[in-house]
Amino acid sequence: MTSRPSPDIARRVPLMARLPLHWLGLVPFLLFVTLFLLAPTMYIVVGAFRTIDGTFTFDNVIGLNTASIRSAYWVSIKISLASASLGCLIGFCMAAAMTLGGLPKAIRGPLLTFSGVASNFAGVPLAFAFLATLGPIGLVTVFLKTSLGIDLRMLGFNILSFWGLTITYLFFQIPLMILIITPALDGLKREWREAAEILGATGPQYWRMVAFPILFPAILGTMALLFANSFGAVATAIALTGSSLNIVPILLFAQIRGDVLGDPHLGYALAFGMIVVTGIANTIYIVLRARSERWQK
């Protein structure tokens, strides 16, 4: 029999030596989250309640209650709601056609792969792609005008406008919806549909009375996530519209970059407001996602 080490020897063993080695794999992730998520977030929160000389104040947060800032938040909320709603609708239809429809199974792999790439494609490259496609001299704009006689500008479409930015956001909103809602659609058990058909339910009745009530928390939660994803998009909005659209990310950029009239601490307050809005949306997503997963167990 092997004897156990004495308590004195056990206390002298380093803590890392007593921890299971598989926990070491979390160290890089925890460091990354701490350095690039938690620390900057806390710095912004603290800065929102500080003056230039470091004293505590509520003036920065109170300063958000101005006409221009309220308008920027409202426009950002409307863009986020529009892109999240359209992204949910289009993405759900595509995912349903892929998982439950009659599409060939060979489409599933490429579509999910593309969705994984497109859902993370944003910033300056995405803005440039849409300017080159739907801008004033973009490929599609010129083709429609020269070949079909359709002038998008005369019809009121402008890539630098509300709907232009919303359409641009759809490029990553739709794939994100596909990625998130596909597992929920896969979780619809065949027995549920068979039971509904045995009881005489039609296809629309099955979706209205069985499938949609089960999927509703997942759909609503994903919409909240897409809202937060759109509301927090900074680089794409700045690169695409510049200062032509009054939204929170552009207003925040103008305050932080240090212009003559810039106020970094007001910028911190703007960022703090964005954190609150996206935090509420993400909390709704987590709660509803957990509720929807109970049906899939």
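Throughout, residue positions are numbered sequentially from 1 according to the sequence presented. Only a predicted model underlies this, so the values are computations on that prediction, with no experimental measurement involved.
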Legend entry - Thr51 (side chain) donor-acceptor with Thr55 (main chain) under 3.5 angstrom: yes
Legend entry - Nearest atoms (heavy-atom pairs only) where Ile159 meets Gly135: CG2-CA, 4.0 Å
Legend entry - Val287 vs Ile284 side-chain heavy atoms within contact, under 4.5 Å: no
Inset, instruction - Could you tell me which non-hydrogen atom of Ala218 sits nearest to which non-hydrogen atom of Ala184, and how far apart they are? - result: CB-CB, 4.2 Å
Legend entry - Within 6.0 Å of CZ in Phe29, more than 12 heavy atoms from elsewhere: no
Inset, instruction - Kindly state whether the ring of Phe58 and the ring of Phe49 have centres lying under 6.0 angstrom apart. - result: yes
Legend entry - 4.5 Å side-chain heavy-atom contact, Lys145 and Ile150: no
Inset, instruction - Look only at the side chain of Ser161 and the backbone of Asn158, and say whether a donor-acceptor pair between them is shorter than 3.5 Å. - result: yes
Legend entry - Exceeds 12 heavy-atom contacts within 6.0 angstrom, atom CG of Leu26: yes
Inset, instruction - Could you tell me the separation between the OG1 atom of Thr99 and the CE atom of Met94, rounded to the nearest 0.5 Å? - result: 12.0 Å
Legend entry - Side chains of Leu134 and Thr168 in contact at under 4.5 Å (non-hydrogen atoms): no
Inset, instruction - Look at the side-chain heavy atoms of Ile, Leu, Val, Met, Phe, Trp and Tyr, link any pair under 4.5 Å apart, and say whether Phe171 and Leu89 land in one connected group. - result: no
Inset, instruction - Measure from the side-chain N and O atoms of Gln205 to the backbone N and O of Thr202, and report whether any donor-acceptor pair falls under 3.5 Å. - result: yes
Inset, instruction - State whether the side chain of Asn60 and the backbone N or O of Ala48 hold a donor-acceptor pair below 3.5 Å, judged by distance alone. - result: yes
Legend entry - Crowding at CG, Leu31 (>12 non-hydrogen neighbours, <6.0 Å): yes
Inset, instruction - Could you tell me whether the side chain of Leu112 reaches within less than 4.5 Å of the side chain of Met98, counting heavy atoms only? - result: yes
Legend entry - Nearest-0.5 Å distance that lies between atom CG in Leu144 and atom CG in Asp151: 9.5 Å
Inset, instruction - List the steps and the verdict of side-chain contact (heavy atoms from CB on, under 4.5 Å) for Met274 and Phe231. - result: CA-CA 8 Å; Met274 294 181 67; Phe231 192 84; 3.7 Å; yes
Inset, instruction - Could you check whether the rings of Tyr268 and His265 sit parallel, tilted or perpendicular, using 30° and 60° as the cut-offs? - result: perpendicular
Legend entry - pair Leu152-Thr141: side-chain heavy atoms closer than 4.5 Å: yes
Legend entry - Asp59/Arg50 ion pair, N-O < 4.0 Å: no
Legend entry - Test item: Met177 and Phe92 side chains (from C-beta on) under 4.5 Å apart, heavy atoms: yes
Legend entry - Donor on one side chain, acceptor on other, Ser115 and Ser119, under 3.5 Å: no
Inset, instruction - Report whether Leu165 and Leu160 are members of the same hydrophobic cluster (ILVMFWY, side-chain heavy atoms less than 4.5 Å apart, transitive linking). - result: yes
Legend entry - Closest non-hydrogen atom pair, Thr34 against Pro40: O-CD, 4.2 Å
Legend entry - Hphob cluster co-occupancy, Leu170 + Met223, side-chain heavy atoms under 4.5 angstrom: no
Inset, instruction - Begin with the C-alpha distance, continue with both residues' side-chain angles, and end with the deciding distance and a verdict on side-chain contact (heavy atoms from CB on, under 4.5 Å) for Ile250 and Val234. - result: CA-CA 7 Å; Ile250 294 176; Val234 178; over 6 Å; no
Legend entry - Spatial distance of atom CG (Leu86) from atom CD (Gln173) [nearest 0.5 Å]: 10.0 Å
Legend entry - Interatomic distance, Leu251 atom CG to Ile69 atom CD1 [nearest 0.5 angstrom]: 5.5 Å
Inset, instruction - Would you confirm whether Ser230, through its side chain, and Leu226, through its main-chain N or O, come within 3.5 Å as a donor-acceptor pair? - result: no
Inset, instruction - Verify, without hydrogens or angle tests, whether Asn229 (side chain) and Leu225 (backbone) share a donor-acceptor contact under 3.5 angstrom. - result: no
Inset, instruction - Kindly state whether the ring of Phe212 and the ring of Phe216 have centres lying under 6.0 angstrom apart. - result: no
Legend entry - Nearest heavy-atom neighbours spanning Asn246 and Ser71: ND2-OG, 3.7 Å
Inset, instruction - Give, for atom CZ of Phe162 and atom CG of Leu245, the distance between the pair rounded to the nearest 0.5 Å. - result: 8.5 Å
Inset, instruction - Kindly work out whether a path of hydrophobic side-chain contacts (I/L/V/M/F/W/Y, heavy atoms less than 4.5 Å apart) joins Phe128 to Phe121. - result: no
Inset, instruction - Measure from the side-chain N and O atoms of Thr278 to the backbone N and O of Ile275, and report whether any donor-acceptor pair falls under 3.5 Å. - result: yes
Inset, instruction - Provide the closest heavy-atom pair for Pro217 versus Ile214 in the form atom of the first, atom of the second, distance. - result: CD-O, 3.4 Å
Inset, instruction - Kindly compute the distance separating CG (Leu220) from SG (Cys88), expressed to the nearest 0.5 Å. - result: 8.5 Å
Inset, instruction - Please answer: with hydrophobic residues joined when any side-chain heavy atoms are less than 4.5 Å apart, are Phe172 and Phe114 in the same cluster? - result: yes
Inset, instruction - I would like to know whether Val277 and Phe227 meet side-chain contact (heavy atoms from CB on, under 4.5 Å); could you show each step before the answer? - result: CA-CA 10 Å; Val277 173; Phe227 175 89; 3.6 Å; yes
Legend entry - side-chain contact (heavy atoms from CB on, under 4.5 Å) between Leu185 and Leu188, worked out: CA-CA 6 Å; Leu185 289 170; Leu188 291 176; 4.3 Å; yes
Inset, instruction - Taking the side chain as every heavy atom from C-beta outward, state whether Tyr43 and Leu38 have any atom pair closer than 4.5 Å. - result: no
Legend entry - Ser83 versus Tyr169, closest heavy-atom pair with distance: CB-CB, 4.0 Å
Legend entry - Contact check, side chains of Ile167 and Phe130, non-hydrogen atoms, under 4.5 Å: yes
